[in-house]
Each structure stands twice: as C-alpha cells, then as structure tokens.
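Remember, it's a predicted structure, so these values are computed and weren't measured experimentally.
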Amino acid sequence: MSKKDLLLCRVIVEYLQHKEPIGSESLKTLMNTKISSATIRNYFKALSDEGLLFQSHISGGRIPTLSALKAYWYRHIDAISTIEADSMECIQKACLACDIFCVLSVEQSNKFVSVSHIDNKLLLDFEHIGITLPFSSALERFLGELKGLDVIDMRKIAYQVRATALLDVLQCVQSRNLRFFGVGALAEVCKDDDGRFHHIISGDMFDTLENGMYCEEVLPSGYLAIMQEIRLKSCLDKKGMDKKARMLCIGALDRDFTQFYSCIQS
C-alpha cells in the first residue's frame with residue numbers, strides 16, 4: 001500500500017470512529033510516523049483533487065468523501081463468505097451500537113421434488129408440502145428444469161424471469177422467518193419512498209439480491225446494503241443442524257461496519 005493510500009485509510013478509520021475532520025498534525029501524531037506534516041498536507045491536496053477527501057473550511061481538517069468511503073468498504077468487507085454469530089442478541093446490540101439496520105431471514109429448507117399435471121392442473125410436490133397451479137405446458141417444462149432445487153432458489157429464479165404466478169404460490173411453500181433489528185436506521189434510507197420500505201420489510205430483497213454489496217443500485221446515494229449468508233450458532237433445526245439464514249444490512253456509508261461485524265461475531 002502506498003503512503004498516500006495508507007494516509008487515506010487512516011483518515012477514514014479515524015472519521016468512522018469520531019465523525020470529525022482530521023488535520024495533518026493530528027494524523028502525524030496518531031500514526032506516529034516520520035512523514036512531515038507538510039508532506040501529509042501535500043498528500044491531502046492530492047487526495048482532495050482525486051475526490052477522495054473533502055475540506056469544509058480552508059483552515060480545517062479533512063473528511064473522506066462518499067466515493068472514498070464506498071471504495072473503502074468494497075475493499076474491506078467480505079460479503080461472499082458466510083459469517084458466524086453467536087446469537088440474535090449479538091446482532092441486536094451491534095445494530096443499536098452502530099446505527100445499522102439488519103433483517104435476518106432464517107429459512108427452512110424445502111426441496112422441489114416433482115411436477116405433474118391432472119385435469120388442467122399442475123401438481124408441484126415439495127419435501128414438506130404440495131401445491132397446484134393452472135396447467136401450462138411452458139410452465140411444466142420450466143418447472144421440470146428446477147427439480148431438486150430448494151424453494152429459496154426457486155423464488156430467486158421466478159423473480160428473475162418475472163414468473164409472478166409461480167412466485168405468488170411459492171410464498172405458501174417457503175417458511176421464511178424474518179427478524180428485524182435497528183429499524184430506526186431504516187427511516188432515512190426510505191424517506192419519501194414507501195415502495196423501497198415495503199421491498200425491504202417484506203423480505204422481497206432476499207429474492208432479488210445475490211450475496212454481495214450494493215449502493216446506488218438499490219439505495220439512495222450515501223448508503224450501503226450488504227447481503228450475505230450467516231450461521232447462527234443458537235438457531236438450529238430439529239436435527240441439530242444449522243438452518244439456512246441470510247442477513248441484509250443497510251446503513252449510511254459513514255457507519256462503522258467494521259465495528260458492526262466485530263460485535264456480531266464476538
């Protein structure tokens with residue numbers, strides 16, 4: 001990592017913790033570095049010219065821009081790997097401490113076994129339930145391609161291909177238990193947008209988003225959404241096995257997601 005990137009990273013870390021601008025002298029002291037204050041100021045100017053630091057007052061310190069924060073989180077958060085948490089209480093405490101919204105979807109596996117048709121009806125058999133749909137040869141062929149999939153994955157596919165009739169009946173099949181934490185942090189994100197609020201609270205985002213990180217694709221500028229798998233040690237099924245769970249976190253880019261993850265995994 002270059003000196004310039006190292007300085008930017010430290011500015012971001014300090015800002016996330018204290019939400020205050022930082023000057024060259026303060027940064028030099030915090031980093032205990034031999035780099036002079038004048039050199040740090042030169043780096044500050046270069047980073048400001050690149051749109052990564054912002055100075056609200058000529059004599060004031062710098063704060064990271066939204067672009068810098070966004071790039072920082074994309075480098076430092078692993079949304080693909082499954083994380084572990086001891087309990088729901090850990091998640092609740094983390095959300096309140098960091099002002100981050102979180103919804104947890106604990107889902108019971110239910111695999112699609114077969115499809116057949118009788119009297120203009122399609123019969124869909126799952127491990128735990130059977131449902132019917134009006135007969136359609138195209139839908140029958142489509143469902144034949146999905147045999148063996150879990151209903152969770154079927155819902156994602158149905159959403160992607162806009163198979164609304166199938167998506168509606170799959171809601172009866174899927175056992176989804178949603179748990180919400182830090183709902184107050186969601187208020188600003190969904191201000192003046194009831195559709196976004198419903199999309200999040202209903203759990204529809206679990207069908208529409210793959211695991212990963214999202215910004216302007218799904219949220220207003222300045223916010224971050226993270227979708228990933230989570231293993232809850234305190235949430236087991238009847239056989240003592242972990243239930244499949246996914247976690248959606250949403251917060252402003254200047255929230256300390258590093259602290260958040262540290263809290264839920266402590």
Results of ring pair (Phe, Tyr, Trp, His ring centres under 6.0 Å) for F126 - residues two or more places apart only: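 For F126, the residues satisfying ring pair (Phe, Tyr, Trp, His ring centres under 6.0 Å) (neighbours in sequence not counted) are F112.
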
Could you give all pairs that pass the ring-ring contact (aromatic ring centres under 6.0 Å, His included) test and reach residues 189-208, with sequence neighbours left out?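 The answer is none; no pair qualifies.
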
Quick one: salt bridge (charged side-chain N to carboxylate O under 4.0 Å, His left out) pairs with a partner in [range], sequence neighbours left out?
range            : answer
residues 113-122 : none
residues 23-37   : none
residues 71-84   : E84-R231, E84-K233
residues 201-226 : K70-E216, R155-D207, R176-D207

Donor-acceptor check, side chain of [X] to backbone of [Y], threshold 3.5 angstrom: yes or no?
X    : Y    : result
Q228 : L248 : no
W73  : F257 : no
D150 : N110 : yes
E140 : S136 : no
Y74  : M213 : yes

If you look at every heavy atom in [X] and [Y], which pair is closest and at what distance?
X    : Y    : result
K111 : G148 : CD-O, 3.9 Å
A94  : C263 : CB-CB, 3.5 Å
L178 : S105 : CD2-CB, 3.7 Å
P64  : I12  : CB-CG1, 3.7 Å

How would you list, by chain and number, every residue that makes a side-chain contact (heavy atoms from CB on, under 4.5 Å) with [X], sequence neighbours excluded?
X    : answer
I63  : Y15, P21, F54
S2   : K4, D5
K191 : E188
F142 : L139, L146, I157, V161, L166

Mind checking whether I91 and F101 sit in one hydrophobic cluster, side chains of I, L, V, M, F, W, Y counted as touching below 4.5 Å?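 Result: no, two separate clusters.
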
Do R246 and E229 sit within salt-bridge range, that is, some charged N less than 4.0 Å from a carboxylate O?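 A salt bridge links R246 with E229.
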
SB check R10 E14 (cutoff 4.0 Å):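 Yes, R10 and E14 are salt-bridged.
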
K147/D125 under side chain to side chain contact (heavy atoms under 4.5 Å, CB included): CA gap, chis, key distance, verdict: CA-CA 10 Å; K147 284 192 287 187; D125 287 325; over 6 Å; no

So, S36 and T39: side-chain donor and acceptor under 3.5 Å apart, yes or no?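 Yes, T39 and S36 have a side-chain donor paired with an acceptor closer than 3.5 Å.
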
Determine, step by step, whether V115 and L123 satisfy the side chain to side chain contact (heavy atoms under 4.5 Å, CB included) criterion, reporting the C-alpha distance in whole Å, the side-chain angles of both residues, the deciding distance to 0.1 Å, and the verdict. CA-CA 6 Å; V115 57; L123 307 180; over 6 Å; no

Under 4.5 Å between any side-chain heavy atoms of Y261 and I77, yes or no?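 Side-chain contact under 4.5 Å: yes.
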
Would you sort out whether Y72 and L16 count as a side chain to side chain contact (heavy atoms under 4.5 Å, CB included), showing the intermediate values? CA-CA 11 Å; Y72 178 84; L16 291 172; 4.0 Å; yes

Output all residues satisfying salt bridge (charged side-chain N to carboxylate O under 4.0 Å, His left out) with R179, sequence neighbours left out; order by chain, then residue number.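 Once residues adjacent in sequence are excluded, R179 has no partner under the salt bridge (charged side-chain N to carboxylate O under 4.0 Å, His left out) criterion.
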
Does the side chain to side chain contact (heavy atoms under 4.5 Å, CB included) test come out yes or no for C249 and F260, once each step is laid out? CA-CA 10 Å; C249 300; F260 172 79; 3.5 Å; yes

Partner residues of K93 under the side-chain hydrogen bond (donor to acceptor under 3.5 Å, both in side chains) criterion, sequence neighbours left out: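 Partners of K93 under the side-chain hydrogen bond (donor to acceptor under 3.5 Å, both in side chains) test: none.
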
